[in-house]
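Input: one structure, supplied below.
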Amino acid sequence: MTTRLSSPTANGPAPKPPGRSPRALWHLGVNAVVVAWLALFAVVGGAHHFLPHAFWLLVHTLLLGAVTNAVVIWSGHFAASVLRLPEANRGAPAALRLVCLNAGAVAVIGGMFTDRWPVVLVGGCLVAAAVTAHAVWLVRLLRRALPGRFSMTVRYYTAAAALLPVGAALGVVMARGGLGGDLPERLLLAHEMINLLGWVGLTVAGTLITLWPTMLRTRVADGAERAGRRALPVLLAGLGAAVAAALLGPPPLAAPGVVVYAAGLVIAGIPWVREARAKAPRSFAAWSVAAGSLWLAGSLLVLAGILLSTTSWITVGERTSLLTAPLAAGWIAQVLLGALGFLVPVVLGGGPTAVRAATAGLERAWPARLTVTNTALLLCVLPVPSVVRVVCSVLLLVMLLYFLVLLVLTVVRGVRNRRKGTAEPVPAAGPAPVEAPAPPHRVLGGVALGLAVVMLAVAGGGAADVRSLPLLERSAATSADGGEVTPTGRTTTVEVTVRNMRFSPASADVPAGDRLVIELRNTGTDTHDLVLETGARTDRIAPGKRATLDAGVVGRDLDGWCSVVGHRQMGMVFGVRVTGDGDGGGTASEGSEESGESAHDHGGTASEGTGESAADAFDPMAEPADGFTARDARLPPAAEGSGPRVHRRTLTVKEAEAEVAPGVRQTLWTFDGTAPGPVLRGRVGDTFEITLVNDGTIGHSVDFHAGALAPDEPMRTIQPGESLTYRFEATRSGVWMYHCSTMPMSLHIANGMFGAVVIDPPGLPGVDREYLLVQSEFYLGEQNGTADAGKVNAKEPDMVAFNGYAGQYDHDPLTARTGERVRVWVLTAGPNVPSAFHVVGGQFDTVFREGAYDLRPGGAERGGAQVLDLAPASGGFVELALPEAGDYPFVTHIMSDAERGAHGVLRVR
């Protein structure tokens with residue numbers, strides 16, 4: 001026997017237009033908070049490149065802000081409804097809990113944003129207190145109510161609410177930092193499982209017992225309550241086992257817990273499947289929830305596989321980051337939007353006609369929207385080019401904004417109509433009411449439209465980054481290679497493997513007239529390809545992938561190479577050697593090497609050179625344009641306060657066209673869009689947690705000299721679209737270099753991938769002015785192109801500069817006043833040229849170099865220093881006071897480098 005669960009619109013008394021019930025007013029007010037958090041999430045998504053902790057902010061504005069509020073609001077609503085106490089979830093206590101919850105969420109996010117852990121602690125306590133109060137209220141509500149068929153739902157909510165404070169406590173501990181070994185990864189996984197699978201997962205499972213059949217307009221399946229009762233202890237046992245293993249054991253021990261949790265969902269979900277078979281989903285709400293459930297199932301399967309496949313928690317932490325989007329956007333966000341799409345029209349009220357009208361407004365173009373959302377999300381988690389991933393991320397944000405706009409318009413329209421005392425009828429041209437399924441052709445048309453939108457986005461992303469897309473294999477059969485040889489009709493197939501920046505074997509013997517097919521396998525750690533001088537080439541292949549090159553019929557020797565910039569100079573060359581009596585034998589035609597070199601030097605970037613030489617455009621005496629402003633050389637002050645601090649920063653790899661001297665432009669590979677990259681500063685004992693995001697077109701990495709740790713994992717090369725977290729403690733003072741360590745390292749540094757970390761010596765006295773100068777050299781390629789790898793190899797720089805622009809402080813000087821004490825930190829980034837920093841007309845009374853003082857005031861010798869000499873990748877600081885007003889030039893006293901642009905002016909007034 002089955003029992004019909006009535007739609008909420010059919011249970012209460014008839015509405016009283018034109019007024020609005022207190023229940024509807026309450027839900028409009030509190031759900032406006034959820035909408036506000038969703039809007040903030042969209043804003044953060046659009047501006048994430050410019051925000052610190054962007055990834056963390058995205059996750060927590062959605063989950064801590066929007067989802068946690070929705071869970072508290074709607075679990076209270078459903079608990080009161082199934083216990084037949086409909087007025088119990090409103091009033092001052094409920095409002096106070098929500099105020100406390102949102103104050104805590106704001107404090108947690110604000111504290112992380114400003115790196116103030118005490119604020120995070122206060123916020124975490126407020127969140128835990130609000131949810132604990134919610135759990136206590138649920139228990140009291142359950143005791144007040146008469147026994148009911150679906151009171152099991154409230155037990156799910158109570159268990160979920162009891163878990164969140166535990167997850168919040170783990171989050172606060174991680175925010176404090178100072179954790180060693182693999183403890184951060186263990187705590188993070190435990191934190192995520194408790195909050196996602198416990199707080200959110202149990203709430204969703206308990207709600208779907210009654211909400212799912214209501215969405216489908218069908219009866220609750222027989223045994224649904226019994227299945228829910230059986231599933232809850234299984235879910236809790238699986239979650240507890242997985243969390244305990246995460247905190248205490250190796251990764252494989254956590255996998256059974258995840259499997260048991262998934263089994264609990266299967267037990268609870270069998271009735272849901274029967275209900276869907278009885279009446280198939282036909283609305284946005286139902287399909288959105290169904291799609292979200294599929295993303296959860298896939299994510300649990302992948303999580304169990306990750307845990308079983310490694311014994312390293314650090315590796316688990318890196319791999320599980322790939323599940324953030326499927327769980328947050330695929331599962332939680334889709335379930336949330338689906339629930340809102342169904343429930344908001346109900347709480348707006350106004351009678352069946354008004355509910356149908358509001359539902360129709362929220363379901364506009366739903367087949368296309370769901371198709372775009374899930375297809376774009378699928379592409380985001382697949383190994384696609386970074387530009388395509390960015391485009392798909394934008395599509396996901398657009399779909400969220402579209403829903404929010406529809407939601408606001410629906411609420412405004414409903415309020416207006418209620419005030420008029422009328423309900424808006426369903427538009428004749430709009431989507432069908434929920435009772436009548438949309439015609440199949442309309443659904444299929446919407447799906448096709450959604451697929452077309454995503455395909456156009458992918459095509460547009462590919463057009464913007466054509467080098468990152470797979471290339472059609474080019475055949476040399478109709479080129480000059482086969483023109484003088486008779487094809488044999490045979491095919492020679494060669495297996496070539498990439499190992500440690502080399503092709504193995506480095507050449508292949510091919511009988512004249514044979515068709516050559518090269519099977520390329522990449523076992524290296526970076527992206528590579530193989531290009532022949534004829535133009536035949538493979539696509540760019542990531543580590544562990546394969547590609548095929550069809551060279552066509554071969555009649556003469558051919559040269560090949562990897563076209564990723566710098567790799568050819570590192571020795572990634574390949575030769576095709578023809579054997580036999582082919583008339584077309586011989587060596588590559590004259591000039592092929594030069595053309596190949598040019599292709600190499602400027603391949604692998606998103607921007608092509610103009611063909612003009614940037615070196616020819618460089619004039620050391622040229623003046624920049626009017627209004628020129630130099631890079632601010634002032635060193636940011638160290639954070640105030642005592643005790644170790646945790647510094648969190650996201651560094652995003654970007655390819656940026658920049659002027660590096662008047663009239664000279666280069667395409668630089670950068671950290672956060674500037675070369676040098678952002679300056680980091682701290683004290684001995686501070687912890688730095690850096691998230692590297694690769695938004696470039698080739699592989700990159702980062703190496704922080706300020707930390708001492710095994711380089712294997714944190715300094716590994718990551719491919720476009722990937723990210724990693726680099727954590728180190730600053731145990732020694734100095735000005736330390738950070739740089740990309742992807743091979744060829746010299747080229748990556750020369751093309752802009754370097755920066756400085758300043759760690760103050762204990763007791764560092766204050767000064768009146770403090771500047772930082774990072775010296776580096778430029779090996780200019782074409783205008784708007786990348787550095788010339790051949791010049792880097794030969795150590796033949798065209799230009800040397802402080803802070804990334806030749807002579808910039810001649811035109812926009814550093815400043816000081818007479819008698820002021822000035823400290824100048826200097827880092828020599830190289831990659832090849834040392835520095836001998838000197839201030840013309842000044843004498844240094846303090847010299848700190850590579851972690852120790854060479855000179856300090858007050859010595860018996862009354863000594864001074866005229867130069868701070870630094871090898872590449874070393875640094876220090878000098879201090880001086882200038883008694884007279886005037887312009888004091890500063891240079892590297894390797895004078896030929898000073899004449900190439902390493903000079904500036906300190907203007908004293």
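Counting from 1, the numbers follow the sequence of the chain as shown.
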How long is the span from the OG1 atom in Thr210 to the CE atom in Met215, to the nearest 0.5 Å? 10.0 Å
Hey, are the side chains of Leu362 and Pro345 touching, using non-hydrogen atoms and a 4.5 Å cut-off? yes
Heavy-atom distance under 4.5 Å between the side chains of Val453 and Leu395, does that happen here? yes
At their closest point, which heavy atom of Leu101 faces which heavy atom of Ala130, and how far apart are they? N-CB, 3.6 Å
Has the side chain of Thr725 got a donor or acceptor atom that lies under 3.5 Å from a matching backbone atom of Thr691? no
Is the side chain of Tyr156 donor-acceptor paired with the backbone N or O of Gly228 at a distance under 3.5 Å, no angle test? yes
Check the angle between the aromatic planes of Trp74 and Phe78 and answer parallel, tilted or perpendicular using the 30° and 60° thresholds. tilted
Leu337 and Leu38, any side-chain heavy atoms less than 4.5 Å apart: yes
Nearest 0.5 Å please: distance from the CG atom of Leu98 over to the CD1 atom of Ile73. 5.5 Å
Leu303 vs Leu323, side chain to side chain contact (heavy atoms under 4.5 Å, CB included): CA-CA, chis, key distance, verdict: CA-CA 8 Å; Leu303 175 58; Leu323 296 176; 3.8 Å; yes
Once rounded to the nearest 0.5 Å, what's the spacing between atom CG of Leu141 and atom CH2 of Trp137? 5.0 Å
Can you confirm if the NZ or CZ of Arg648 lies within 45° of the ring axis of Trp56 and under 6.0 Å from the centre of its six-membered ring? no
Please name the pair of heavy atoms, one in Leu265 and one in Leu235, separated by the smallest distance, quoted to 0.1 Å. N-CD2, 3.5 Å
Quiz: residues 198-205 side-chain donor-acceptor pairs under 3.5 angstrom, not counting sequence neighbours:
from, atom 1, to, atom 2, distance (Å)
Trp199, NE1, Thr68, OG1, 3.4
Thr203, OG1, Trp199, O, 2.7

What's the spacing between Tyr157 OH and Leu138 CG if we round to 0.5 Å? 9.0 Å
Distance under 6.0 Å and angle within 45° of the ring axis: does Arg369 meet both against Tyr402? no
What I'd like to find out is whether the side chain of Ile209 reaches to under 4.5 Å of the side chain of Glu225, using heavy atoms alone. no
Between atom CG of Leu57 and atom CG of Leu64, what is the distance when rounded to the nearest 0.5 Å? 11.0 Å
Got a salt bridge between Lys279 and Glu275, using NZ or NE/NH1/NH2 to carboxylate O under 4.0 Å? no
Show the nearest heavy-atom pair for residues Val131 and Pro165, with the distance to one decimal. CG1-CD, 4.5 Å
Heavy atoms, side chains only, cut-off 4.5 Å: are Val391 and Leu379 in contact? no
Can you list everything that forms a side chain to side chain donor-acceptor pair (under 3.5 Å) with Asn374? Sequence neighbours excluded, please. Trp295, Gln334
Kindly indicate whether the side chain of Arg155, heavy atoms from C-beta on, has any atom under 4.5 Å from the side chain of Leu142. yes
OG of Ser151 to CZ of Arg229: how many Å apart, nearest 0.5 Å? 6.0 Å
Any side-chain hydrogen bond (donor to acceptor under 3.5 Å, both in side chains) involving residues 126-135? Give me the pairs, sequence neighbours left out, ordered by first then second residue. Ser75-His134
With distance as the sole test, does Thr61 use its side chain to make a donor-acceptor pair with the main-chain N or O of Leu58 at under 3.5 Å? yes
Ignoring hydrogens and geometry, is there a side-chain-to-backbone donor-acceptor pair from Trp117 to Val172 under 3.5 Å? yes
Are Val335 and Leu296 side-chain neighbours, meaning at least one heavy-atom pair lies under 4.5 Å? no
Does any part of the side chain of Leu164, heavy atoms only, come nearer than 4.5 Å to the side chain of Val127, both counted from C-beta? yes
How close do Phe41 and Leu62 get, heavy atom to heavy atom, and via which atoms? CD1-CB, 3.7 Å
For a quick test of reading the model, state the closest non-hydrogen atom pair linking Pro326 to Ser299 and the distance between them. CB-OG, 3.4 Å
